[in-house]
Structures are given as C-alpha cells and as structure tokens.
Amino acid sequence: MSQANRKSRVDLYALVWRLPIILWQMLFFIGPLLFLIAMSFFLVKNYRMIETFDMANWNRILSKDYFWSSYWYTLGMASLATVLATVLAFPASYALAFKVSANTRRWAMFFLIVPFFTSYLVRTFSWYVILAKTGVVNALLAYIGLGPYTMLNTPIGTMVGFLTLVLPLLVLLQTLSLSQIDKNLIEAAHNLGSGRVRTIFNVIVPMAKVGLVVGALFCFILSFGDFVSPYYLGGSTPQTLSILIIDTSKAGQQWPRAAVVAICMMTTLFVIAFAAIAYAYRKPKS
Amino acid sequence: MNKDGLISFLLKAYLLVLFLFVFTPIIASVIFSFNSDRFPTIPLGSFSLEWYQLIINDPDIAEAAVTSIIVAICTSILATFIGFCTAYSDYRYDFKFKGPYLALALLPPTIPLIIMALAMLAWLSKFGLSGSKLSIVLAHTVLCTPFAMAIIRLRLNQMDESLEAAAWNLGASEWSAMREIVVPFTMPAIVSSLCLTAAVSFDEFAVAWFVSGLNKTIPVVILEIVQGNIDPRVNAIGTFVFITSMTLVVIAQIIFMRNQKKGVQSV
C-alpha cells in the first residue's frame, strides 16, 4: 500500500476515528453557540421563552448607557491587564530563557503549571482576605507606618485578580517562545556592537513576536471574560460584561438579553483575535 | 560585581518576586485553612482543625464531592476517547478541510467560559437536559477534549510511522494494528490525559454553576459559600481540592516524563 494511498483513503476505519469529534462539537459546541445567536432574537413572556424573531433585545441592550459603560470598562480593564501582564512577565521570561540553568528552567515551568490546578476561586478568596482593610498587606504596611489602604472593591483589586489569573500562563508562553531563539544570533548582535536594550528590542522581541502576541491574546481573552475578580475583588462596580451576563440571566431570567451581551463579547474577541494574529504573522518591513 | 552579574542578579530577584506574587494566594489559603481566626491577618491566630471538621461533617459538601468525582471520571473517559480519535486522525490522515477540522477540535478554550456557560444552559434546557450530572459531563467534555487531544498527539509524534505499516505488511488488519501497536504505544499519554482532564473538570466552576441545577459540584459549592460572606471553610475545601488535583497532575507528569524518555530510546 503506498503512503499517499493510505493517507487519503476514506473508509469505515478512518471514519470511526474522524467522526466522534465532529459529532460531539456539532452537538455540544457549535450547536449551543448557534442557539445563543438565535436566542438573542427570542422574547421572554411570563418567565417563558418564546421562539420568535424580534429585534427587541438588541434594540434594548444597545440603547442602554449601562451596557456601553460596562462595555468600555471591560475592554479597558482587559487591555490594561494585557499590557501590564506582558510588561511584568517579560523580564521574568527573559531571565528564565537566558539567565538560569536548564534544570532551574524545568522546575520553574513545572511550578508555573501548578496554579492551573488550584482553584481560581480559592485564590481569589485568598486575595480577598489578604487585601482587606485589616488584612495581611495592610498589617504589614502598618509596621512601617503606612495605610490602611482600601484595595478591595476598587479596580486595583480586580487587576490583582487578573494578574494572578494570567501571569503563570503568560510567563510559560513567553519563556517557551524566547527559549526557541538561536543564542548565536543574540551573540552576533552583541559582537556587532548592539547594546543590551537594543538587542532586546531589535533582535529578541521581533523573533519571539508570535509567542508574545499569542500570550498577550490569551491574557486578553481570559481577563475579558472573567467574572470572579471583578465581582469579588472589584466589588462589581463598575459592572463588567461578564457580571452583566450573570445578572441578566441568573437573577433576571432574561436569557435572550444576556445572549445579546454574550454575542457582543464574542464579536469583540473575534475582531481582536484576528487583528492580533494578522499582526503576529505580518512580514516585518525591511 | 560587574555589570553583567548585577543585571543577571536583579533579573533573578525579580523572577523570585513574580513567583512570590503568583504563589502568595495559594500558600496563604493553605495557612489560613489551619488558622483559628475567621478573618486571618498578621499576627496569625492559633493552629486549628476547626474548618476541616466543619467540612467533613457537612453532608452538602460530601454530596458535592461525590458529584464532582462522578463528573470528573465520566468527563475524563469521554474527553480522552474523543481526544484520542482526533489525535489519531490528525496523525495518520491528510484530508480535505483538515484545517477547519482541527480548528473545530481546538477552539473551545478560546471562548470565555461565561459565554459557554450561558450557551450550554440554553441549549441543554431546550432538550430538557440541564440540571443533571449528565449536563455537566457533556459540557466539561467539550472543554477538556482539546487538552486530551494535545497530550495524545504529542505522544503519537514519537511513534515511527513505519511501525503500523510493518504490522499491516505482516498481515495484521488495521483494527488489530490499532489494538496491538497504537494503543499500547500511546497508553502513557492516555493515562496522563485521563488524570489531567479529570483535574480540569474537578476545578471548573463557571459552566458547572450554570448547568448543574441542584447537582452542585465542589467548585460550585465554593462559589456559593464565597458569595455569602467570609468563611474560612473555603480555604479548607480549597486545600483539599488542591491536593486532589496536584496528585492527579503529578501522576500524569511522572508517567508522561518516564515514557517520554523510553519513547526516545526505542526510536
């Protein structure tokens, strides 16, 4: 049997392996998402959903000031978290990729995976206690005569939560892409008289661009959709879109209106994801 | 110290600070779980097992633990099976629309959980499926399959393509080659995947919160306790969940690493 023949033939055996994911994703991934779009045109009467085609939910949500203020707040906070996390993670990833031994790097990578398997809820609750008026941080600050500061129920609290969520993943992705860079090229840049900072921005960053942008994109996706930090650490004032979805669907029983908010979020994410990926793979001008 | 050494030292110190930030809430929650104060601060209160006693004697938490375990086991089996099928299809076949096929398989982690949660709730309710353990399993399988596929695909990368072909030439059918060669070769990845997907399912709260109804899982119980007020039981439950998940992850890691070496040697 020739290689090409073996690879392109479609038979029972091939289908058995190929079909499960298609069926499963159609039923439980694409199905729900398409239904979400359809649902945004449904109406709720007497706590029952009526399947119809009506623009009422869209008109209502898009004309509300509270929707737009939470839209811009969520977008702003997620962007800020992305920029902050990228800037904060880079020196650490740089150190992991170039300044420590291979063994230390392996251990560091393992420890960066650990947070994924600790409950994000518990970590958030932990910050809640640490950052409180009488919490550990203010108690420590009091020793040097500062504070107490209010950190909970402010955007600072939300940001601490976002960073806790995204930093491990970001350092992991950045380190992976930085350690792929050919060390000889960095050496060459140094030998040709390029200074440290110039080498970072002209050699290292462009070469790790795809990894850096993908990392930042994941930061954005995670903080844009997260409801735990803005709710518990940010006190849900101002509301984010994720909290708006929860309030509208859980308390208000208005699933169709929540669907409108969800679709606006998805659209925004798609636009940003496409822009980021197009940017990451764009040929450098030279 | 010269300039290079100083910069290197500062970078390493910074690395340490960043790790400290990431691990502060994890370590603090373990410490708080053994602390008598309802609202822990510095200086710490006395050592106490009060919060553990409270959760052990709470029937709601025991019930949630059982639900979580059942859901995690079912999810891990389903996700690993579907992940295996997809990874094998990708490894062995080239076909039309393979790009979209892989995108379909790997896309779920890029959709915010809160949106998946709402979409799942509405879709499953339409078919009268929401509010059961089954509904959590269905949703968690979607979230876990990409991880299962990635792990198994990595292992298949190390398999020599001629191994299967040799079995066929010796008269084995495709099915028996699968049973005798592919499955045994990928077994370590299959076990890793079972552990990791179980850990992911065990920790997931957003989708579970929306679709579970009265069949709460452990993270959903945590969510509801946290909504009430300051309750250090959360730290005790969190520590318990952490130990469970880490055990699964470490097992997965050990099996995967050990066989990673073996795989390289045998090639």
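By convention in this document, chain letters (A, B, ...) are assigned in the order of the sequence lines, proteins followed by strands, and residues within each chain are numbered from 1. Keep in mind that the numbers below use all heavy atoms, side chains included, and drop hydrogens, waters and symmetry copies.
- Residue with the most contacts toward chain A among B/Val226, B/Leu18, B/Leu143, B/Thr244: B/Val226 (heavy-atom pairs, distance under 4.5 Å).
- For A/Val228, the part lying near chain B is the side chain, with the backbone staying farther off; criterion is any non-hydrogen pair under 4.5 Å.
- With a 4.5 Å cut-off on non-hydrogen atoms, A/Phe117 touches chain B through its backbone and its side chain both.
- The parts of B/Leu223 that come within reach of chain A are both its backbone and its side chain, each placing non-hydrogen atoms under 4.5 angstrom from that chain.
- More than 12 heavy atoms of other residues, nucleotides or ligands lie within 6.0 Å of CZ in B/Phe21, so this atom counts as buried by the packing criterion.
- In this structure, chain B has heavy atoms under 4.5 Å from both the backbone and the side chain of A/Leu88.
- Taking chain A as the reference chain and counting heavy-atom pairs below 4.5 Å, the highest number among B/Thr110, B/Leu138, B/Ile218, B/Val22 is found for B/Leu138.
- Heavy atoms closer than 4.5 Å to chain A are found nowhere in B/Lys96, neither backbone nor side chain.
- Interface remark: of the candidates A/Lys250, A/Lys99, A/Met39, A/Lys250 forms the most heavy-atom pairs closer than 4.5 Å to chain B.
- The contact between B/Val249 and chain A is made entirely by side chain atoms (from C-beta outward), counting heavy-atom distances below 4.5 Å.
- Only the side chain of A/Leu269 comes within contact range of chain B, with at least one heavy atom under 4.5 Å from a heavy atom of that chain.
- Only the side chain of A/Ile245 has a heavy atom closer than 4.5 Å to any heavy atom of chain B.
- Interface summary for chain A: among B/Pro112, B/Pro219, B/Ala119, the most heavy-atom pairs under 4.5 angstrom belong to B/Ala119.
- Side-chain atoms of A/Arg105 come within 3.5 Å of backbone atoms of A/Leu96 as a donor-acceptor pair (strictly under, hydrogens ignored).
- Chosen from B/Val241, B/Thr145, B/Ile111, the residue pairing most often with chain A at heavy-atom distances under 4.5 Å is B/Ile111.
- At a 4.5 Å heavy-atom cutoff, the contact between A/Thr164 and chain B is made by backbone and side-chain atoms alike.
- Annotation: B/Phe97 is not in aromatic contact with B/Tyr101 [ring centroid separation under 6.0 Å not met].
- Of the N and O atoms on the side chains of A/Thr104 and A/Ser101, at least one donor lies less than 3.5 Å from an acceptor on the other residue.
- Classification of the B/Phe23-B/Phe19 ring pair by plane angle, with boundaries at 30° and 60°, yields parallel.
- Both the backbone and the side chain of A/Leu163 come within contact range of chain B, each with at least one heavy atom under 4.5 Å from a heavy atom of that chain.
- Relative to the ring axis of B/Tyr91, B/Arg153 does not place its NZ or CZ within 45° and under 6.0 Å from the centre.
- Pairing each heavy atom of B/Ala105 with each of B/Pro146, the nearest pair is O-CG, 3.4 Å.
- Using a 4.5 Å cut-off between heavy atoms, A/Tyr143 contacts chain B through its side chain alone, with no backbone atom that close.
- Residue contact with chain B, scored on non-hydrogen atoms closer than 4.5 Å, involves the side chain of A/Tyr94 exclusively.
- Of all the listed residues (A/Ile221, A/Leu19, A/Thr134), the one sharing the greatest number of non-hydrogen pairs under 4.5 Å with chain B is A/Thr134.
- With contacts defined as side-chain heavy-atom distances shorter than 4.5 Å, the pair B/Thr141/B/Cys144 does not qualify.
- Side-chain contact, B/Ser130 with B/Ser125: a donor N or O sits under 3.5 Å from an acceptor N or O.
- Using a 4.0 Å cut-off between charged side-chain N and carboxylate O, B/Glu174 and B/Arg179 make no salt bridge.
- Ionic pairing of B/Glu161 and B/Arg92 is not present here: no N-O contact between side-chain nitrogen and carboxylate oxygen is shorter than 4.0 angstrom.
- Not less than 6.0 angstrom separates the ring centroid of A/Phe29 from the ring centroid of A/Trp24.
- Counting heavy-atom pairs under 4.5 Å between each of B/Leu121, B/Leu113, B/Val250 and chain A puts B/Leu121 at the top.
- Residue A/Phe125 touches chain B through its side chain alone, counting heavy-atom pairs closer than 4.5 Å.
- Side-chain contact of A/Ser229 with A/Tyr120: a donor-acceptor pair under 3.5 Å is present, judged by distance alone.
- Proximity to chain A involves both the backbone and the side chain of B/Leu107, based on heavy atoms less than 4.5 angstrom apart.
- Salt-bridge formation is detected for the pair B/Asp4/A/Arg196: a Lys NZ or Arg NE/NH1/NH2 atom is positioned less than 4.0 Å from an Asp or Glu carboxylate oxygen.
- Neither the backbone nor the side chain of B/Met149 comes within contact range of chain A, judged by heavy atoms closer than 4.5 Å.
- Note: A/Pro20 leads A/Ala139, A/Ala95, A/Pro20 in heavy-atom pairs under 4.5 Å with chain B.
- For the options A/Met26, A/Met266, A/Met265, A/Met49, heavy-atom pairs under 4.5 Å to chain B are most numerous at A/Met266.
- Comparing A/Leu34, A/Leu36, A/Leu121 by how many heavy-atom pairs each has under 4.5 Å with chain B, the most go to A/Leu121.
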Name each donor-acceptor pair under 3.5 Å that joins a side chain in residues 195-210 of chain B to protein atoms two or more places apart or in another chain, with its distance.
| from | atom 1 | to | atom 2 | distance (Å) |
| --- | --- | --- | --- | --- |
| B/Thr197 | OG1 | B/Ser193 | O | 2.6 |
| B/Thr197 | OG1 | B/Leu194 | O | 3.3 |
| B/Ser201 | OG | B/His140 | ND1 | 3.0 |
| B/Glu204 | OE1 | B/His140 | NE2 | 2.9 |
| B/Glu204 | OE1 | B/Val207 | N | 3.4 |
| B/Glu204 | OE1 | B/Ala208 | N | 3.1 |
| B/Glu204 | OE2 | B/Ala206 | N | 3.0 |
| B/Glu204 | OE2 | B/Val207 | N | 2.8 |

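- Note: A/Tyr232 leads A/Phe111, A/Tyr232, A/Phe110, A/Phe116 in heavy-atom pairs under 4.5 Å with chain B.
- Neither the backbone nor the side chain of A/Ala273 comes within less than 4.5 Å of any heavy atom in chain B.
- Other residues, nucleotides and ligands contribute more than 12 heavy atoms inside 6.0 Å of the CH2 atom of B/Trp175.
- Annotation: side chain of B/Leu104 is in contact with side chain of A/Ile30 (closest heavy-atom distance under 4.5 Å).
- Comparing B/Phe242, B/Phe81, B/Tyr14 by how many heavy-atom pairs each has under 4.5 Å with chain A, the most go to B/Tyr14.
- When heavy atoms are compared at a cutoff of 4.5 Å, A/Val137 does not approach chain B at all.
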